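Sequence lines set the chain letters: A, B, ... in the order given, protein chains first and strands last, and positions in each chain run from 1. Treat the numbers as computed from the prediction; the structure is a model and nothing was measured.
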Amino acid sequence: MAIKIDRVGEFLEGVKHKRRVLITPEGIPLDVRIAGHGERLGAFAVDIVFMGLAVLALYLLLWLLFFSGSNLSVGMTIILFAAFVVRNLYFVHFELAWQGRTPGKRLCKLRVINRKGGELAPSAVIARNLTREVEFFLPLSLLFSLPSGWQEWCMLGWTLCLTSLPFVNRYHLRIGDLIGGTQVIAMPRRVLLADLSLEAASARAAALLRAPAAPEPGPVTPVKVEDLRPAVHTLQAPVLEAEPVFVFSHEQLSRYGAFELQVLEEFLRRQPSNNTQRLLEEVCRKICNKIGWEGGEIPPGRVRRFLTDFYTAERADLERGQLFGRLRADKNAAAENRKPDKPY
Amino acid sequence: MSQTGPGGKNNGGKALLLRSAEFRKGREAGWRELDDMVGRVEARGVAALSAAEVSRLPLLYRAAVSSLAVARNIVLDRNLLLYLENLSLRAYLAVYGPRSGLLERLGGFFRQDWPGSVRGLRRHLAVAALAMLAGLAAGWLLVASDMSYFHMLVPEGLAGSRGPGSSAEDLRGALFAPWPGVIDTFVVFANSLFRHNAMVGILCFGLGFALGVPTLVLLIYNGMTLGAFLALHASRGLNVDFIAWLSIHGVTELLAVLLCAAAGLAVAEKILFPGELPRLENLARHGRPAAGVVAGAVLMFFFAGLLEGGFRQLINNTPGRYAFALLTAAGWFWYFSRVGKRTAPGKGGGHGY
């Protein structure tokens, strides 16, 4: 359901990320996000800084150990040699040792993977990094040597064309990626949060535990999902007993589809604040209008509860439909389903 | 659930039973265990896992991937779906990531991959050698016909004091110069030669991406430079000594240049004639062994730099130089033709073409 995830993310963040599908050897397609130009440049800049430090360290080491007291040309030679060794080994070493990540990539949460979905072969890492010499260091040295004749300008133009390749192809591949068969992806780590459908139930259960005689729990204070994580299992039993405060009919629930459900989920997962509260009230009003809510206006203190119950009921309804192969993708699909000639 | 309104009673008096919540309940412990393991692999490598965990990792990974496949069909919890996507991808990379140590891999590279890949490049090697020979012949003929071509073909830095104006004695002096000492030869001179040559080699390969034309031009040009030197020394009757002086390192160095160029030509060929596979895929498939060849060639340049910078003036007589050159030639020939050949079908993994 990669496309759906993409749609909600794009809607909320307003950024269109480039993606591609990777097929694991088990035959499961995985959705990966292609690293952006900015991220990659940032990672590269960090690596350049680290490389500079490494060259300096290597130079001092060699100088102190072997050549202290030699003349200037020896010093220059050593520093050039150190730079050559470091810039050719740095990327290869780290991408092999850290599973496709250099320090810069690690900071920027990027990773080199095999484009075809197999193992990242050492030869692929070597291939993608040897071409750096042609793509980056050659134009740089040409630029610094101040091109004079037309040949040198041509050479510079040509190498800059090669360098700019990642900016003109869909997957942001540079030449090294083409030859090595690799792809740089962005891979932020995601955290599993508590199930929202259980949040209301567990809050209710907590309230019931506090006041077992109360016919209905009082206004719910927003529960931090992180606090609930360890408690999810223990709360399973009360969940089945607890009742939703707001109940919706199938007719009402079929006004919306999976897209709206997931947007609502993201809204409910936002940090509680005045802004969030205003947003939720607005959403609540819209939902009430759309589904023709007849239970009167929802007081601000109950908005969160109303939306959580609506979310749970909507999800249950949609998931049931999905099980029978009738998933409503969004509210437009839902509207189509309600045409008279279509029974569902 | 037909009633509406706040506080309305549910039909059966029970809460909504979410299939996705049930689904998650049974599997979450496994995901969290996998998450923890993968996190440690990402931080410190596979070595961070105990033996029991290493054997458990693939099981948990497959469970997570199958959870994902199911979740895509029954779950609408966005956070859960994204988490499972992310976890599966991370676990997949941990399970299928490179595992062997750096030394182990290097050993495999020198025992098998590199000579195997070089054997796969025979045709390209022949083309590269032909291009260089053509350049050599052209350079020789040009300079032999008119000595003033020498300065057009040979850059100032390479020619040094040598040129059409130098006498036979000057040239002989350059060939049999006294040994200047360890620092100047093995450190300064060998290094600058190594860096220069390695750059030329890597360029030969990298420019193969431009359909191989710059690679061939570079080869022809280098051949012409060589031809110009040969013509100059031939005119002074010094060619036997010059070839000895050249071949002590030239065998290794020129072979490395040819290897880089051959790898570049292979890349060019795969772009021009992709065969059955799509162009990019074909390139990725054949570019990797080609890059391995170049990485090995860079090491050859390092040896060549040491030979040229130091040993050439240590062995200060022509027969000794020829003997040494023959030795290196025989060594490389044996290495590239014999080492890493599969002894039995199905055994070993040569990564040739």
Notebook entry, point to check: Are the side chains of A:Ile28 and B:Arg72 in touch, meaning some heavy atoms are under 4.5 Å apart?
Noted result: yes
Next item on the list: Answer with side chain, backbone, both or neither: which region of B:Phe109 has an atom nearer than 4.5 Å to a non-hydrogen atom of chain A?
Entry: neither
Margin query: Applying side-chain contact (heavy atoms from CB on, under 4.5 Å) to B:Arg288 and A:Ile126, what does each step give before you reach the verdict?
Written below: CA-CA 8 Å; B:Arg288 268 176 249 161; A:Ile126 294 172; over 6 Å; no
Notebook entry, point to check: What is the distance from atom CD1 of A:Ile113 to atom OH of B:Tyr96, rounded to the nearest 0.5 Å?
Noted result: 14.0 Å
Checklist line | With sequence neighbours excluded, residues passing salt bridge (charged side-chain N to carboxylate O under 4.0 Å, His left out) with A:Arg315 | finding: A:Asp195, A:Glu319, B:Asp77
Check: Side chain, backbone, both or neither: which part of A:Glu135 has a non-hydrogen atom closer than 4.5 Å to chain B?
Finding: neither
Check: Which atom names give the shortest non-hydrogen contact between A:Ala258 and B:Leu76, and what distance separates them?
Finding: CB-CD2, 4.0 Å
Notebook entry, point to check: Is it the side chain or the backbone of A:Arg106 that comes within 4.5 Å of chain B heavy atoms, both, or neither?
Noted result: side chain
Notebook entry, point to check: Do you know which of B:Ala43, B:Ala69, B:Pro214 has the most heavy-atom pairs under 4.5 Å to chain A?
Noted result: B:Ala43
Margin query: Could you measure the distance from the CH2 atom of A:Trp98 to the CZ atom of B:Arg44? Nearest 0.5 Å is fine.
Written below: 13.0 Å
Checklist line | Considering all heavy atoms, the nearest A:Thr24-B:Tyr61 contact | finding: CB-OH, 3.7 Å
Checklist line | A:Arg33 CZ: over 12 foreign heavy atoms closer than 6.0 Å | finding: yes
Notebook entry, point to check: Which bit of B:Leu68 comes within less than 4.5 Å of chain A, counting heavy atoms only: side chain, backbone, both or neither?
Noted result: side chain
Next item on the list: With a 4.5 angstrom heavy-atom cut-off, could you sort out which part of A:Tyr311 is near chain B: side chain, backbone, both or neither?
Entry: side chain
Next item on the list: Search all heavy atoms of B:Leu93 against all heavy atoms of A:Met187 and return the closest pair with its distance.
Entry: CD1-SD, 3.7 Å
Next item on the list: Using side chain to side chain contact (heavy atoms under 4.5 Å, CB included) as the criterion, point out the one residue from B:Val65, B:Leu89, B:Asn86 that pairs with A:Leu30.
Entry: B:Leu89
Checklist line | Under 3.5 Å donor-acceptor, A:Gln99 side chain and B:Glu42 backbone | finding: no
Checklist line | B:Phe23 versus chain A, the contacting section by heavy-atom distance below 4.5 Å | finding: neither
Check: Side chains of A:Glu26 and B:Tyr92: donor-acceptor distance under 3.5 Å anywhere?
Finding: no
Notebook entry, point to check: Of all of B:Leu80, B:Val41, B:Leu283, which one pairs up most often with chain A through heavy atoms under 4.5 Å apart?
Noted result: B:Leu283
Notebook entry, point to check: Of the backbone (N, CA, C, O) and the side chain (C-beta and beyond), which part of A:Leu318 lies under 4.5 Å from a heavy atom of chain B, both, or neither?
Noted result: both
Checklist line | Residue list, salt bridge (charged side-chain N to carboxylate O under 4.0 Å, His left out) with A:Lys109, at least two apart or on another chain | finding: none
Notebook entry, point to check: Where do A:Glu265 and B:Asn79 come nearest, in terms of heavy atoms and distance?
Noted result: OE2-N, 2.9 Å
Note to self: With a 4.5 angstrom heavy-atom cut-off, is it the side chain or the backbone of A:Pro188 that approaches chain B, or both, or neither?
What the structure shows: backbone
Notebook entry, point to check: Going through the checks in order, is the side-chain contact (heavy atoms from CB on, under 4.5 Å) test met by A:Arg189 and B:Asp35?
Noted result: CA-CA 10 Å; A:Arg189 189 174 173 169; B:Asp35 195 341; 3.0 Å; yes
Checklist line | Stepwise side-chain contact (heavy atoms from CB on, under 4.5 Å) check, B:Trp31 with A:Leu192 | finding: CA-CA 9 Å; B:Trp31 302 338; A:Leu192 181 59; 4.0 Å; yes
Check: Which heavy-atom pair separates A:Gln322 from B:Val75 by the least distance, and what is that distance?
Finding: OE1-N, 3.8 Å
